[in-house]
Visitor: 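Would you mind keeping the following structure in view while I ask a few things?
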Amino acid sequence: MPELPDVEYYRIYLTATALHKTIARVEVRAPRILEGVTERRLRSVLAGRAFQSARRHGKYVFAAIEGGEGGWLVMHFGMTGRLSYFKDIGDDPKHDRFLIGFENGYFLAFVNQRKFGHVALAMSPEAFAEAKGLGPDALSIGREEFAVRLGERRGGAKATLMNQKVLAGIGNIYADEILFRAGVHPKTPVNTLDEETLGTLHAVMGDVLHTAIAAKRRCEDFPGSYLLPHRHEGGVCPLDGTPLETITISGRRTYFCPTHQSDERE
DNA sequence: CTGTAGACTTGTGCTA
DNA sequence: AAACCACAAGTCTACA
C-alpha cells in the first residue's frame with residue numbers, strides 16, 4: 001500500500017493519535033528494520049519524550065521529538081505496512097516490528113509484514129531527504145519545477161515518475177494511474193513530452209494524489225473511472241472496455257490501456 | 001545516465 | 001493434502 005497517499009494517511013493517523021503523549025517504553029521486535037540506529041539509542045532518544053508534530057516527504061513519515069536532544073523519528077513502510085494505535089498489549093497487531101508505549105497505557109505499532117520498511121532517526125526531514133537524495137515531494141512540487149526536472153531526463157515516463165530522486169512519493173500503482181489518466185504511454189521518453197503534456201501530467205498527478213488521500217480518509221473506493229480497480233488479470237479499460245495490456249518496467253508489473261495511452265515512440 | 005536482474009522478506013493463491 | 005512456484009503497492013546493488 002505505502003505510496004504517497006497511504007503514507008499521508010499514516011501521517012494524519014499519527015497526528016490524530018500519538019502527539020503530545022509521553023513515551024514510557026520502546027520495543028524493537030525486528031531489529032533488521034532499524035537503519036543506522038540501535039534499539040538502545042532509540043530508547044534513550046524517545047523515553048520520557050513526546051512527539052510534537054508529524055510530517056511527510058515522499059513515502060517517509062517523520063515525527064518530531066519534543067525536548068531532549070530533539071530530532072525526528074523516521075519511518076518508511078516498504079511494500080507493506082501501516083501504523084496502529086491500540087490500548088491493550090494483548091491486542092498488538094500481527095507483524096508489529098516496532099512498538100512505542102505511552103504513559104497513558106496506549107501503544108503505537110509500526111506494522112510491517114515484509115520487513116522491507118525502515119525506522120531511523122534524523123536531524124530534520126530536510127536533512128534526511130537531502131542525505132537520501134530524494135527529489136521534491138510529489139504533492140508540493142510546482143508545475144515549473146516538475147517540467148524542468150522531467151525535461152532533464154531521458155528515461156521512460158513511468159520509470160521517471162517512480163524515481164524517488166526525480167520526485168518523491170510515486171510508486172507502481174499511482175504511476176500507472178497517473179499515466180492512464182494523462183493518456184501517456186508508460187515508455188514514452190519524458191524529454192519528448194511537450195510543455196502542454198507535462199502540464200497535464202502535473203495536474204493529473206495532483207488530482208490523483210488528492211483523490212486517493214481523500215478516499216483513504218473516508219475509507220471509500222476509488223472512482224469507477226480510475227484504472228486502479230481494474231488493475232488485475234483480465235482487467236479492462238474503464239473508459240471503453242479495451243483489455244488492458246501489461247508490460248514490465250523497472251521490474252514492476254505495469255498496466256495500461258493500448259487505445260488511450262498511445263505509444264509515441266513509433 | 002538507463003534499463004534489467006537479483007536480493008531482501010513473508011504470505012497468498014495457483015498448480016498439480 | 002502438502003508442497004512449490006510466482007508474485008506482491010519498495011529500494012539497493014551489480015552489471016551491460
Side-chain angles (χ1 to χ4, degrees), chain A residues 1-11 28-36 56-61 74-83 93-98 109-120 128-129 131-135 137-139 148-180 185-193 205 208-209 211-213 215-216 219 221-222 226-235 244 246-256 265:
Chain A
M1 269 186 266
E3 293 187 40
L4 189 152
D6 313 279
V7 179
E8 174 63 9
Y9 178 71
Y10 303 152
R11 183 193 69 77
V28 175
R29 296 187 165 180
R32 77 161 8 255
I33 64 156
L34 297 183
E35 192 174 79
R56 181 193 56 71
H57 185 107
K59 301 172 189 173
Y60 291 87
V61 176
V74 185
M75 290 178 280
H76 186 286
F77 297 87
M79 287 177 88
T80 56
R82 63 195 170 85
L83 294 175
K94 202 169 181 182
H95 310 304
D96 51 337
R97 310 305 191 187
F98 172 55
F110 174 80
V111 184
N112 196 230
Q113 178 195 110
R114 225 165 290 166
K115 297 181 184 170
F116 284 170
H118 294 293
V119 168
F128 183 85
K132 279 271 174 188
L134 297 179
D137 182 72
L139 257 194
V148 169
R149 292 185 76 88
L150 265 65
E152 289 171 342
R153 295 270 160 178
R154 284 173 300 140
K158 176 163 179 178
T160 306
L161 280 180
M162 286 200 302
N163 185 338
Q164 303 299 300
K165 298 189 175 191
V166 175
L167 77 171
I170 309 294
N172 197 33
I173 296 286
Y174 291 105
D176 279 3
E177 189 68 56
I178 291 162
L179 293 171
F180 170 69
H185 189 281
K187 285 197 171 175
T188 311
V190 280
N191 61 0
T192 65
L193 297 174
M205 177 174 78
V208 166
L209 295 177
T211 299
I213 293 165
K216 299 267 167 210
C219 298
D221 289 333
F222 286 82
Y226 267 53
L227 179 70
L228 210 158
H230 308 276
R231 211 176 161 289
H232 55 76
E233 204 69 39
L244 297 177
T246 62
I247 50 178
T248 298
I249 292 178
S250 302
R252 326 292 302 151
R253 175 159 278 211
T254 300
Y255 288 81
F256 70 100
R265 295 168 300 151

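Just so you know, these numbers come straight off a predicted model, no measurement behind them. Chain A is the first sequence line, chain B the second, and so forth, proteins listed ahead of strands; every chain is numbered from 1.
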Visitor: Please answer whether the main-chain N or O of A:Arg114 pairs with a side-chain N or O of A:Thr80 as donor and acceptor at a distance below 3.5 Å.
Guide: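 At least one qualifying donor-acceptor pair exists.
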
Visitor: Whether A:Lys59 contacts C:dG10 is assessed here as follows: a side-chain N or O lying under 4.0 Å from the phosphate OP1 or OP2. Is that the case?
Guide: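 Affirmative; the distance criterion is met.
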
Visitor: NA contact type, A:Gly251, heavy-atom cut-off 4.0 Å: base, sugar-phosphate, or nothing?
Guide: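 Result for A:Gly251 = nothing.
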
Visitor: To the nearest 0.5 Å, what is the distance between OG1 on A:Thr211 and CG on A:Leu228?
Guide: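 Going from the OG1 atom of A:Thr211 to the CG atom of A:Leu228 covers 11.5 Å.
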
Visitor: Could you check how far CD1 of A:Ile173 sits from C1' of C:dA9, rounded to whole Å?
Guide: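 In whole Å, C:dA9 C1' lies 5 Å from A:Ile173 CD1.
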
Visitor: Which part of the nucleic acid, if any, lies within reach of A:Gly117 when heavy atoms closer than 4.0 Å are counted: base, sugar-phosphate only, or nothing?
Guide: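 Answer is nothing: A:Gly117 stays at 4.0 Å or more from every strand.
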
Visitor: Can you tell me which residue among A:Phe98, A:Tyr9, A:Phe110 is in a ring pair (Phe, Tyr, Trp, His ring centres under 6.0 Å) with A:Phe77?
Guide: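 With A:Phe77 as partner, A:Phe98, A:Tyr9, A:Phe110 yield a single ring pair (Phe, Tyr, Trp, His ring centres under 6.0 Å), made by A:Phe110.
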
Visitor: Using a cut-off of strictly less than 4.0 Å, decide whether A:Arg32 has a side-chain nitrogen or oxygen near OP1 or OP2 of B:dC8.
Guide: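 Result: no.
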
Visitor: Say we look at B:dT15 and C:dA8: how far apart would their P atoms be, to the nearest angstrom?
Guide: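 15 Å, rounded to whole Å.
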
Visitor: With respect to the side chain of A:Arg154, which nucleotide from B:dC1, C:dG10, C:dA8 is positioned closest?
Guide: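 Looking only at heavy atoms from C-beta outward on A:Arg154, the closest nucleotide is B:dC1.
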
Visitor: What is the distance, rounded to the nearest whole Å, between atom CG of A:Leu209 and atom P of C:dA9?
Guide: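 In whole Å, C:dA9 P lies 17 Å from A:Leu209 CG.
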
Visitor: Less than 4.0 angstrom between a side-chain N/O of A:Lys187 and OP1 or OP2 of B:dG3, yes or no?
Guide: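 No, outside the criterion.
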
Visitor: Could you tell me how far apart A:His95 (NE2) and C:dA8 (C1') are, to the nearest whole angstrom?
Guide: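 A:His95 atom NE2 is separated from C:dA8 atom C1' by 14 Å.
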
Visitor: Take the protein atom CD1 of A:Ile33 and the nucleotide atom P of B:dT10, then report the distance between them rounded to whole Å.
Guide: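 Whole-Å distance recorded here is 12 Å.
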
Visitor: Could you give the distance separating C:dA2 and B:dT9 at their P atoms, to the nearest angstrom?
Guide: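 Comparing P positions in B:dT9 and C:dA2 gives a spacing of 27 Å.
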
Visitor: Taking 5.5 Å and 30° as the limits, would you call A:Phe116 and the base of B:dC8 a stacked pair?
Guide: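 So yes, this residue stacks on that base, both cut-offs being met.
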
Visitor: Using 30° and 60° as the class limits, which term best fits the ring planes of A:Tyr60 and A:Phe128: parallel, tilted or perpendicular?
Guide: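 Rings of A:Tyr60 and A:Phe128: perpendicular, over 60°.
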
Visitor: Rounded off to whole Å, could you give me the CG-to-C1' distance for the A:Asn112 and B:dG11 pair?
Guide: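 Taking CG of A:Asn112 and C1' of B:dG11, I get 13 Å after rounding.
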
Visitor: At under 4.0 Å between heavy atoms, what does A:Lys165 touch on the DNA or RNA strands: base, sugar-phosphate, or nothing?
Guide: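 The residue A:Lys165 makes no contact with any strand.
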
Visitor: Quick one: A:Met162 CE to B:dT2 P, roughly how many Å, whole number?
Guide: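 Taking CE of A:Met162 and P of B:dT2, I get 14 Å after rounding.
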
Visitor: Base, sugar-phosphate, or nothing for A:His76, non-hydrogen atoms under 4.0 angstrom?
Guide: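 A:His76: backbone/sugar contact only, no base atoms under 4.0 Å.
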
Visitor: Could you give the distance from NE2 (A:His230) to CD (A:Glu177), rounded to the nearest 0.5 Å?
Guide: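 Atom-to-atom, A:His230:NE2 and A:Glu177:CD are 9.0 Å apart.
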
Visitor: Could you state the CD1-C1' distance from A:Ile249 to B:dA5, rounded to the nearest angstrom?
Guide: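 After rounding, the gap between these two atoms is 16 Å.
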
Visitor: Does the base of C:dA8 carry an N or O that pairs as donor and acceptor with the side chain of A:Arg114 under 3.5 Å?
Guide: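 Indeed, a donor on one side and an acceptor on the other fall under 3.5 Å apart.
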
Visitor: By the 4.0 Å heavy-atom rule, please label A:Arg252 as base, sugar-phosphate, or nothing.
Guide: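 Base contact.
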
Visitor: What stem regions, each of at least 3 consecutive Watson-Crick or G-U pairs below 3.5 Å, can be found for DNA chain B?
Guide: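 Stem list for DNA chain B: B:2-8 with C:10-16, B:10-13 with C:5-8.
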
Visitor: Say you draw a straight line from CD1 of A:Ile170 to CE of A:Met205; how long is it, rounded to the nearest 0.5 Å?
Guide: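 Rounded to the nearest 0.5 Å, the CD1-CE separation comes out at 5.5 Å.
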
Visitor: Can you tell whether the side chains of A:Glu35 and A:Lys132 come within less than 4.0 Å, N to carboxylate O?
Guide: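 Yes, this pair counts.
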
Visitor: Any idea which of C:dA9, B:dT10, B:dT2 is nearest the A:Arg153 side chain?
Guide: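 From the listed options, B:dT2 comes nearest.
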
Visitor: Between A:Tyr60 and A:Gln113, just flag the one whose closest nucleotide in DNA chain C comes earlier from the 5' side.
Guide: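 The 5'-side residue here is A:Gln113.
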
Visitor: What integer number of Å spans the P atoms of C:dA1 and B:dT10?
Guide: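 One P to the other, the span is 27 Å.
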
Visitor: Got A:Leu139 and A:Arg56 here, is their nearest side-chain heavy-atom distance under 4.5 Å?
Guide: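 Sidechains of A:Arg56 and A:Leu139: in contact.
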
Visitor: One pair to check against side-chain contact (heavy atoms from CB on, under 4.5 Å): A:Arg153 and A:Asn163. What are the steps and the verdict?
Guide: CA-CA 11 Å; A:Arg153 295 270 160 178; A:Asn163 185 338; 3.7 Å; yes

Visitor: What integer distance in Å separates A:Glu3:CD from C:dG10:C1'?
Guide: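 Taking CD of A:Glu3 and C1' of C:dG10, I get 9 Å after rounding.
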
